[in-house]
Amino acid sequence: MGNPEQGNETFITEFILLGFGTLHELQILLFLLFLVIYIATMAGNILIMALVAADQHLHTPMYVFLGNLSCLETCYTSTILPNILLTSLLTGDRTISVTRCFIQYDFFGSLAAIECLLLSVMSYNRYLAIVKPLHYEARLSDRSCLQLIGISWAGGFLNNSIPVLSISQLTFCGPNGIDDFLCDFIPLVKLSCNDPQLMEILAFILSLIISLVPFLLTMMSYICIIATILRILSTMGRQKAFSTCSSHLLVVSIYYGTLLIAYMFPTDNTMRDFKKVLSVVYTVLTPLVNPLIYTLRNKEIKGALRKVFRKFMLGQW
Ligand SMILES: *[C@@H]1O[C@H](CO)[C@@H](O)[C@H](O)[C@H]1NC(C)=O
């Protein structure tokens, strides 16, 4: 990497993740807080995956998608939290090699894109179930579920490969402090000594496509769903229809809400700390909140959980 013609400049081999900055007094507290969040997130999402795999009643498209979302969340937190816990909070060593930084961005960026795609697939599933119930079986066969999930995973990784490839072509000649707690695209581009403008435009267009298109599809599904629900005459029927999509609607709102605020906010200095808090919320807290919402608000998941618990108590295992 780097061009020897550029003279005496030394090229950077590692970055420093400035993270939460100089909150030394809070180090232990933050460490415990993030540790609890990490353990709870992993436990919640693995529990959902296990329930979906074990319970025959949950072998429907909706729960297969939910299982995949939980699988995604487990990977997603694991690309971010262990690094924060080990490097910056426990050992105080905040350096990260350039290669590891790129790898982290690769996984983090791809998984975020896959999440957008999976959330829109899940709302398409709700759309079919409520707006087009007669076509549900035909349109969501096992094969098309597999295709939708495959497209989401492949699409997320492919979409992110362009920024990853272009970022790996950049040269970094200092300074090397990243004012964030993870390696993200814009902070990395800002640190390079190449002209970042073209890259910023490219990244903007790609992230717009990968987040805006699924966002619009999700919105459209929910507009149709709500219009259909409002046309149902009985209050009971209305409540029943709404209860099957309220968890998902809540998850979608939290995810896009924090994502939009975090990325749309101006990057000037006064708002920087607030932005950091927001990016903690959407990177660290959403994966924790999803299993909570689904286990607490969803009758089928609660039922499956109760069954497992009863078996366990009766010693049938
Ligand atoms: C994810 O989707 C695939 C394809 O439909 C399915 O076979 C698999 O069980 C799902 N994963 C989980 C963890 O539910």
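Atoms within each ligand, like the ligands themselves, are counted from 1 in listed order.
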What distance do F215 atom CZ and I210 atom CD1 have between them, rounded to the nearest 0.5 Å?
15.0 Å
Does K240 NZ have over 12 foreign heavy atoms under 6.0 Å away?
no
Looking at H59, I want to see if its NE2 is surrounded by more than 12 non-hydrogen atoms of other residues, nucleotides or ligands under 6.0 Å.
yes
Sub-4.0 Å protein heavy atom next to atom 9 (O) of ligand 1:
no
Do the side chain of N298 and the main chain of E300 share a donor and acceptor less than 3.5 angstrom apart?
yes
In this structure, atom 14 (O) of ligand 1 is nearest to the protein heavy atom G67 CA, 3.4 Å
Atoms in ligand 1 flagged as close to L146, the criterion being non-hydrogen separation under 4.0 Å
4 (C), 5 (O)
Quick check: N68 and ligand 1, any N/O pair under 3.5 Å apart?
yes
Is the centre of the F107 ring less than 6.0 Å from the centre of the Y76 ring?
no
Closest non-hydrogen protein atom to atom 5 (O) of ligand 1, residue and atom name please, with distance?
V64 CG1, 3.5 Å
